[in-house]
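Since the model is a prediction, treat every value here as computed from it, not as a measurement. These values consider heavy atoms only, across backbone and side chains, with no hydrogens, waters or symmetry-generated copies. Numbered from 1 within each chain, the chains take letters A, B, ... in sequence-line order.
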Amino acid sequence: MEYNFNEIEKRWQQYWIDHQTYKVSIDPDKPKFYVLDMFPYPSGAGLHVGHPLGYIASDIYSRYKRLNGFNVLHPMGYDAYGLPAEQYAIQTGQHPAITTEKNIARYREQLDKIGFSYDWDREVKTCDPDYYHWTQWAFIQMFNHYYDKQADKALPIEQLLARFEKQGTEGLEAAETEALSFSAAEWKQKSEREQQEVLLNYRLAYLADTMVNWCPALGTVLANDEVKDGFSERGGHPVEQKRMRQWLLRVSAYAERLLKGLDTIDWSDSLKEIQRNWIGRSEGAEMNFPVKDSEVEMKIFTTRADTVFGVTFMVLAPESELVQQLTRPEYRAEVEAYLEKTKKRTERERQTEVKKMTGVFTGAYAINPLSKEEIPVWVSDYVLAGYGTGAIMAVPAHDSRDFAFARTFDLPIPQVVVPKGEAPGDTSTWKDSIDSKEGTMINSGFLDGLSVPEAIERTKQHLVETGIGNVKVNYRLRDAIFSRQRYWGEPFPVYYKDGLPHMLREDELPLPLPEVDKYLPTEKGEPPLARAKGWTTKEGYPLEVNTMPGFAGSSAYYLRYMDPKNSKELVSPEANNYWQDVDLYIGGTEHATGHLVYSRFWNKFLFDLGKVCKDEPFKKLVNQGMIQGRSNFVYRVKGSNTFVSLNLKEQYDTMEIHVDVNMVHNDVLDIEAFRAWNPEYKDAEFVLEDGKYLCGWAVEKMSKSMFNVVNPDTIVAQYGADTLRLYEMFLGPLEQSKPWDTNGIDGVHKFLRKVWRLFVDKEGQLVVSDAQATAEELKVLHRTIKKTSDDVERFSFNTAISSFMICVNDLNDLKCNKRAILEPLLVLLAPFAPHLCEELWHKLGHEGSICDAQWPAFNADHLVESSIQYPVSFNGKMRFKLELPADMPPAEVEKAVLADEQAQKWIADKEVKKVIVVPGKIINIVVAG
RNA sequence: GCCCGGAUGGUGGAAUUGGUAGACACGCAGGACUUAAAAUCCUGUGGCCAUUGCGGCUGUGCGGGUUCAAUUCCCGCUCCGGGUACCA
């Protein structure tokens, strides 16, 4: 009987459902292990073959851990809110909930066919009120907390209120939008409204007027990580800067902890590096520059305080408040014109015109606090309002932007750092600024002669002592804009009273998403929720009309899986204390600066509240590589309906046409399928080579338009789920990106058939014997146990599969069909090919699932060799092999090898300079002459 | 521009701490079985030279270096992929 994967897979998938094989619950007698996949957004296109790559890897690891005695939590769910369903709703009027449910059903169907060990009782959907209840709840908590830098954690806003009552801002160190200073008396004199405005300056979820990334085509704002090169990541629409009142999350309060936490978690270096860059910590100094004939001081941030003697001008960001204060009347018109002009420039233009410097002089002069020189103050959009203080000191000789600006407006460029081993140069001949990270200070007063690091320290010291400035750490990480002007998202648990935001009570949650007549903004330009009838509290106060962004629902889903049905809290302390954190998280790098920052922030906040027991949510994270598409081409002779095979195309004038890869096998075109594909090709003629039509190929993005999308269902129907699982893993290292290439899938399928035939003969009879295993057979088995255990531990699934193949080939050669060998082998293979192994496991007479078997123990005794085939090298080149006893001491080995006649041939009349013997490894003979 | 990662046969890839380069698989070529095909099995397969046998030379993107020994370590470069970008 042949290996009938269709029947086998159907049978065991049903068995697993019937026996609740993958249901898990808290079991204090077993160690826990939590394996998590990044949950998918259920798109209308369904899963393609790239999606399950990570799921298969995590599934193998989950099953492996279970076989090793762990209680494994391995859940799955859906990131169900998102733009595509809403865009579809706008076009068709179909409620996004319906679209989403349909897509989820399709995803589920596809996932089920692959044989995953998910506990579906724990499924979460972010659009489910029982789920977003806790998203809304967390938002309320953030609104009700502020970040205290002394305690280095979030504290209740009541504590801040009490403090203001008692001592105002005196001694307060808190994360804030802007630095405020008032006494207790001043606080008490403030009106309720004023007090609330002040509190928004501290709340971790707060309303503020900010410059946002406005995408007119989508009709909404976007977070920084949702914008790529001035275009929206979804849809590729242009994005512009706009000032709007929005909800924000004070992620920046956690910048330092987010950075430090990276050192405690097992993530890839590249991913950590991306996060470090995104957080962008830079240590520097804040310095105050007095302004001539003015009370105003310009505060600037610099990481290179040592170059202060090289400053020849100051630059303000156009949005800086100082622009109005400093601009001299006679320059006002010019400055206004410039501000007007820059406002019109989109983010996109600012980025593409990097080289072109624009700016305007304000007429004001600042005074260099160290050199006492007067220096002109300019305005230019190359300075960003959002970073540092929105004002800079320009050091044109050593900063390329400042240099370009100085050249454009003909400002002086004095050199203050001389690189090691060079003489001071003539800056008027320079094409660009010169690097100044290393070198010696010149033209810098009391800093002259010092090295750069010394000068930085000395200047900082000087600033602090004289009160001119202070040492300061800046972060690039911005607060996350949390409002979206969309329908299909979580409603905010917020209402407005006299224009001030208030939170719903916790017992009023969840606040369900209302129905609307259209999924479009109102005529007044308000978000879709403004269309909802009765969108007010019981008392009649209007509810917030914005909704939350995509990352809201994905920021704590891993916690909800621990206790998905709890209606009283996000996760019970019992469940959280047992499951703790995610031991292994598998997903793509594309979430490096979005989800993986926000969920770490969210988790740290909940940790501060004592709601979760771990500061970092994801202990180990493995990035799976992207699966690219592999397109196939046919070559049409221009102006005809004739197609020529790949290697003949040079003889004709042809054009390349994409063909659906699903009708190409091993680059050979299925001509009948091609003719049926499109009426245009019905009567196509073919010029073949060797009787076949060979297609060309290229690696491209996997997309419908390239006809290179391969669905897992197709592969499952053709080869079975076990083959798909094996092949996805066999393709190469998990972390590496690679094109999906079905060439080669026959190899793993053949392997599974070979496994089948070790157990079952042609008549379908079990041929397993109870005879005792030989030493040789045991060696094969234990070599495989060792190799596959090591490989699974380090996520090297492709090499694990190779070693299975070697093992099965060896057992075939040995004609081994002994239970003592085959049964442990089956357990090893079960995480990879669960259906086949379950079938054979039961054929062997077992009652329960192979999932509850025990991973075979490795016994090194079986691998001990009495002799070793030493490779013998001459000057590092391997020449022949020599079998010697394994325990022969190196001196004996040397003697033996020199006495060998093959060695003599190679030595001939040359002089033996040295013999290196690495016991058990290699012999190298160094000869000269 | 800056920061990461990568480059090995016709193809995907292996070589875990510097120790036999090319495991395993695809493809290809030849053969066995078969009326035939499919399936299965066997043999060969980096390149060049020699193939009468032994073999020999060369080879991990390029150029140097360290070492008895380098795909692996160091220096310089080329190309490819990813991240990021007026972040002071």
Side-chain angles (χ1 to χ4, degrees), chain A residues 2 228-229 268-278 280-282 284 300-304 307 315 317 350-351 353-355 357 380-384 386-395 398-402 404-405 432 474-478 589-590 592-593 623 625-626 628 630 666-667 690 697 727 730-733 735-739 741-748 750-751 753-754 757 787 790-791 793-794 796 798-806 809 812 869-881 913-918 920-927:
Chain A
E2 271 305 302
K228 287 254 141 57
D229 300 326
S268 74
D269 289 337
S270 70
L271 188 57
K272 285 189 189 183
E273 205 50 38
I274 292 170
Q275 290 220 342
R276 283 193 193 103
N277 291 338
W278 190 256
R281 184 184 200 272
S282 64
I300 59 98
F301 174 75
T302 178
T303 55
R304 292 299 304 276
T307 59
V315 188
R350 278 174 77 152
Q351 279 177 357
E353 295 167 14
V354 167
K355 295 271 135 54
M357 280 293 177
S380 172
D381 64 4
Y382 86 87
V383 174
L384 302 177
Y387 185 77
T389 61
I392 61 149
M393 62 177 212
V395 186
H398 305 293
D399 180 285
S400 64
R401 296 152 305 175
D402 297 346
F405 193 85
D432 201 350
N474 250 318
Y475 299 90
R476 205 181 74 105
L477 183 73
R478 308 295 170 76
T589 353
E590 65 270 22
T593 53
N623 287 121
M626 281 224 301
Q628 296 143 307
R630 187 182 188 274
N666 287 345
D667 290 337
D690 301 331
W697 60 274
Y727 188 58
F730 191 62
L731 222 42
E735 293 93 334
Q736 205 170 294
S737 285
K738 56 231 157 189
D741 178 357
T742 321
N743 299 351
I745 195 165
D746 292 326
V748 289
K750 236 184 266 180
F751 160 73
R753 280 208 297 257
K754 281 188 201 171
R757 281 200 306 270
K787 178 78 175 133
D790 290 353
D791 285 353
E793 284 292 353
R794 61 192 180 96
S796 179
N798 56 329
T799 54
I801 293 168
S802 293
S803 69
F804 282 128
M805 290 173 167
I806 294 169
N809 289 343
N812 250 321
Q869 286 266 339
Y870 273 102
V872 182
S873 313
F874 289 80
N875 294 340
K877 279 200 181 72
M878 208 281 286
R879 295 302 178 182
F880 63 91
K881 283 176 192 167
K913 288 244 183 180
K914 204 172 175 184
V915 179
I916 287 137
V917 176
V918 183
K921 274 267 164 71
I922 198 172
I923 301 165
N924 190 20
I925 299 168
V926 186
V927 292

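- The nearest whole Å value for the distance from the CD atom in A:Q628 to the P atom in B:G81 is 10 Å.
- Between B:U20 and B:C33, the distance separating the two C1' atoms is 37 Å to the nearest Å.
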message: Treating primed atoms plus P, OP1 and OP2 as sugar-phosphate and everything else as base, which nucleotides of nucleotides 23-28 of chain B get B, S or - for protein heavy atoms under 4.0 Å?
response: BBSSSS

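- Under 3.5 Å, the side chain of A:K921 and the base of B:U20 form no donor-acceptor pair of N or O atoms.
- Annotation: B:C28 and B:C79 have their C1' atoms spaced 30 Å apart (nearest Å).
- A salt bridge between A:D790 and A:R794 is absent, with no side-chain N of the basic residue lying under 4.0 Å from a carboxylate O of the acidic one.
- B:G55 takes the anti form, because its glycosidic angle lies more than 90° either side of 0.
- Distance alone, capped at 3.5 Å, is enough to place a donor-acceptor pair between the A:K738 side chain and the A:P733 backbone.
- Contact annotation: A:Y870 side-chain N/O to B:U20 OP1/OP2 distance is not under 4.0 Å.
- In this model, no donor atom of one side chain and acceptor atom of the other lie less than 3.5 Å apart for A:S802 and A:T799.
- Residue A:Q736 is classed as a sugar-phosphate contact, given heavy-atom separations below 4.0 Å to backbone atoms only.
- To the nearest whole angstrom, the two P atoms, one in B:A29 and one in B:A38, are 13 Å apart.
- Counting only distance, with no hydrogens or angles, the side chain of A:Q275 and the backbone of A:T593 share no donor-acceptor pair below 3.5 Å.
- Side-chain atoms of A:L271 and A:D269, non-hydrogen and from C-beta on, never get closer than 4.5 Å to each other.
- Closest to the A:K787 side chain, of the nucleotides B:A85, B:U16, B:A88, is B:U16.
- Side-chain contact between A:S282 and A:Y387 is present, with at least one heavy-atom pair separated by less than 4.5 Å.
- B:U34 and B:G47: their C1' atoms are spaced 38 Å apart (whole Å).
- Between A:M393 and A:T302, some side-chain heavy-atom pair lies under the 4.5 Å cut-off.
- Contact annotation: A:R476 side-chain N/O to B:A85 OP1/OP2 distance is under 4.0 Å.
- Judged as a salt bridge (Lys or Arg N to Asp or Glu O under 4.0 Å), and not counting sequence neighbours, A:D746 has no contacts.
- Here B:C4 presents its C1' atom at 16 Å from CH2 of A:W278, a figure rounded to the nearest Å.
- For the residue pair A:K914 and A:N924, no side-chain donor N or O sits within less than 3.5 Å of a side-chain acceptor on the partner.
- Using C1' as the reference atom, B:G13 and B:U35 are 41 Å apart when rounded to the nearest Å.
- A stem is defined here as three or more consecutive Watson-Crick or G-U pairs, each with both distances under 3.5 Å; for RNA chain B these stems are B:1-7 with B:78-84, B:10-12 with B:24-26, B:27-32 with B:40-45, B:46-49 with B:55-58, B:61-65 with B:73-77.
- Distance CZ (A:F880) to C1' (B:C54): 15 Å, rounded to an integer number of Å.
- Under the 4.5 Å side-chain criterion, counting only non-hydrogen atoms from C-beta, A:S737 is in contact with A:Q628.
- Heavy atoms of A:P739 sit nowhere under 4.0 angstrom from any nucleic acid atom.
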Strictly under 3.5 Å: I want the nitrogen or oxygen pairs between protein and nucleotides 55-65 of chain B, one per line.
residue : atom : partner : partner atom : Å
B:C57   : OP2  : A:R879  : NH1          : 3.2

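- At whole-Å resolution of the value, OH in A:Y387 and P in B:C86 are 13 Å apart.
- If you find the closest nucleotide of RNA chain B to A:M626 and to A:Y475, the one lying nearer the 5' end belongs to A:M626.
- Taking atom C1' on both B:A85 and B:C4, the two are 15 Å apart, rounded to the nearest angstrom.
- Spacing between atom NZ of A:K881 and atom C1' of B:G19 amounts to 13 Å, rounded to whole angstrom units.
- The shortest side-chain heavy-atom distance between A:M805 and A:F730 falls under the 4.5 Å cut-off.
- Side chain of A:R794, nearest nucleotide from B:U40, B:U16, B:C86: B:U16.
- Every salt bridge (Lys or Arg N to Asp or Glu O under 4.0 Å) that A:R630 has, sequence neighbours left out, goes to A:D667, A:D741.
- In this structure A:E590 satisfies the salt bridge (Lys or Arg N to Asp or Glu O under 4.0 Å) test with no other residue, sequence neighbours excluded.
- In the interface, the side chain of A:R401 is not paired with the base of B:C87 through any donor and acceptor atom under 3.5 Å apart.
- Comparing B:U16, B:G19, B:C86 by their nearest atom to the side chain of A:M357 picks out B:C86.
- With both ends at atom P, the span from B:A37 to B:U52 equals 32 Å, rounded to whole Å.
- If you check every strand for non-hydrogen atoms under 4.0 Å, A:S282 touches sugar and phosphate atoms only.
- Between the CG atom of A:N277 and the CG atom of A:L477 there is a distance of 12.0 Å, given to the nearest 0.5 Å.
- B:A38 atom P lies 13 Å from atom CZ of A:R753, rounded to whole Å.
- Comparing A:L271 and A:D402, the nucleotide of RNA chain B nearest to each residue sits closer to the 5' end for A:L271.
- In this structure, the CD1 atom of A:I922 is 10 Å from the P atom of B:A70, given to the nearest Å.
- Nearest nucleotide to the side chain of A:I274, out of B:G83, B:A88, B:G13: B:G83.
- Protein atom CZ of A:R281 is 13 Å distant from nucleotide atom P of B:A88, rounded to whole Å.
- Annotation: B:C54 and B:G9 have their C1' atoms spaced 26 Å apart (nearest Å).
- Note on A:V918: a base of the nucleic acid sits closer than 4.0 angstrom, heavy atoms only.
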